[in-house]
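Here's the structure we're looking at; comments come further down.
Throughout, protein chains are lettered first and strands after them, A, B, ... in sequence-line order, and every chain is numbered starting at 1.
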Number of protein chains: 2
Amino acid sequence: VTDALVECVPNVSEGRDRAVVARLAATIRAVADVRLAGVHTDPDHHRSVFTFLGAPAPVEAAALALAAEVVASVDMQRHQGSHPRIGALDVLPLVPLRGLSTAEAVTLAHRVGRAIGERHRLPVYYYGSAATRPARRSLPELRHGQYEGLLARLSSVDGEPDDGPARFDARAGAVLVGVRDVLVAFNVWLERDDLEAARAIARAVRESSGGLPGVQAMGVLLASRGVAQVALNLTDYRVTPIPVVYDRVCAEAARLGVGIRESELVGLAPRAAFAGRAPATVGLAVFADGQLLDAWLP
Amino acid sequence: VTDALVECVPNVSEGRDRAVVARLAATIRAVADVRLAGVHTDPDHHRSVFTFLGAPAPVEAAALALAAEVVASVDMQRHQGSHPRIGALDVLPLVPLRGLSTAEAVTLAHRVGRAIGERHRLPVYYYGSAATRPARRSLPELRHGQYEGLLARLSSVDGEPDDGPARFDARAGAVLVGVRDVLVAFNVWLERDDLEAARAIARAVRESSGGLPGVQAMGVLLASRGVAQVALNLTDYRVTPIPVVYDRVCAEAARLGVGIRESELVGLAPRAAFAGRAPATVGLAVFADGQLLDAWLP
């Protein structure tokens, strides 16, 4: 598998200190044969999402280098943000793009998780295809109770980590390492700070409350910008592509009398996720081709 | 020349209306086989820089589509910004990257310029390798007097446009079409709104006042952000790479007792322009690989 290609999309609980985010980006880029395709930082989520790609070995090296830098730089004890999280290196998903089976990606994820658990003495849980039991497949479920509930979880019967010690590290929390399919993270900004409207729209569109298949959604407030946001994950863009979600969000917003400001993509999206529509028609105002996953596949 | 590759870096005099910038980006992306690698917008410069790449024919089509959209959307009559400009589509440089001689790029530039001049009845001047006379090779010289001096220039002996009519279009001004080598546009933000310091640093580093070879620099104020900036062009990164300029700017700033906030890259830079230094060491805080020209060369 010489030309195997993996995408890694770590979410780190730091979205305010630009120097720290810069150091984390530089840490990833410093690994040979890894390409950092994007960095998305949000001060209200207090979270940064890095997207990098490479062969399994360099991606593994970059993930471990990033973990070390996160452990050194991010302190959960003062962390308050609008996005749920359980630790400093909150989630570390691996996405097999090419020349790599899901099973091989899971082996890679488990090796990365074990190394993080051992080196930093942190509890590691596996999710998605890397989960060790069905109850841990779902990320929202695994993150239930968040960082604040981690101490209790670690001492509970069902809370035993998959790797690393069942030790509560107040600075770093826990790490969720997973294997998943390509996911589109897509946020729609409302015109106003109407959190209730954002939540109502989220309820209307997400699968778990009877909305669109493969759609997770939550309403959050971006306090520093004074607007509310519908934060969306599309777990299967083939079933529900971006335009379908966007149009549905717009319809619900119109019904509630709330305007839409614009959308943003967190990380990359495959061209197919646009289902033939131009990015501008789903609110992605200034869109460049580097945001297409396809642009990074030689 | 089936795999010829050209970069086009139009600078448009609109950096405030996000809807217009979005429409311009979408216009470029709508042309098949063109990749839009970046959009850099600055509200104080009141200017946006688009970077796109492709074979000569699609690049030509995208340049003409962009010109039409700019003529329709941008009105110079109310334009006030901190960057010199002579028109709405201020400059349209073509950079032959591969499989294309400079002479072939000049032919392409002249075809694009002629079409813009004819379709929109605008004065077009050629600069760089596309210049029709030595006095027009230099962009700063060609832009001397700016938009406000264009009417007088058009009726002067030396002001005859290279293509299009010698007609003053108050909305669009003139278009400067050029062929040049890869150029690195790199800005350093100071900690304060000290415009005099930014200007003194610019004087110290630029070639025209005895500084570094291949470096153009000016001090500007970013009023809405309350900081001054040294805006730099590196016309030959092989002779003076980014770290040499950055270190010199830092030394001058230190001498003046002014701090540096961070740097920004406008458009792309070749990896070689970093001369082995990490982007973070030249103040480029959060840097992703899509900002490397190399990332777009298959």
If the cut-off is 3.5 angstrom, what donor-acceptor pairs do you find between chain A and chain B?
residue	atom	partner	partner atom	Å
A:Arg18	NE	B:Glu262	OE1	3.3
A:Arg18	NE	B:Glu262	OE2	2.7
A:Arg18	NH2	B:Glu262	OE1	2.7
A:Arg29	NE	B:Asp289	OD1	3.3
A:Arg29	NH2	B:Asp289	OD1	3.0
A:Leu36	N	B:Asp289	OD2	2.6
A:Leu36	O	B:Asp289	N	2.7
A:Glu262	OE1	B:Arg18	NE	3.4
A:Glu262	OE1	B:Arg18	NH2	2.7
A:Glu262	OE2	B:Arg18	NE	2.7
A:Asp289	N	B:Leu36	O	2.7
A:Asp289	OD1	B:Arg29	NE	3.3
A:Asp289	OD1	B:Arg29	NH2	3.0
A:Asp289	OD2	B:Leu36	N	2.6

**OP:** Under 4.5 Å heavy-atom distance to chain B, tell me which part of A:Ala37 shows up: side chain, backbone, both or neither.
**Re:**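 Contact with chain B is through the backbone of A:Ala37 alone.
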Subject >> Over all atoms of both residues, closest heavy-atom pair of B:Ala285 and A:Ala22 >> reply: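 Scanning both residues, the minimum pair turns out to be O-CB, 3.1 Å.
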**OP:** Return the option, out of B:Ala19, B:Pro279, B:Ala295, with the maximum number of heavy-atom pairs under 4.5 Å with chain A.
**Re:**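 Of B:Ala19, B:Pro279, B:Ala295, B:Pro279 has the most heavy-atom pairs under 4.5 Å with chain A.
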Original post:
In terms of heavy-atom proximity below 4.5 Å to chain A, should B:Leu292 be classed as side chain, backbone, both, or neither?
Top reply: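 It is the side chain, since no backbone atom gets that close.
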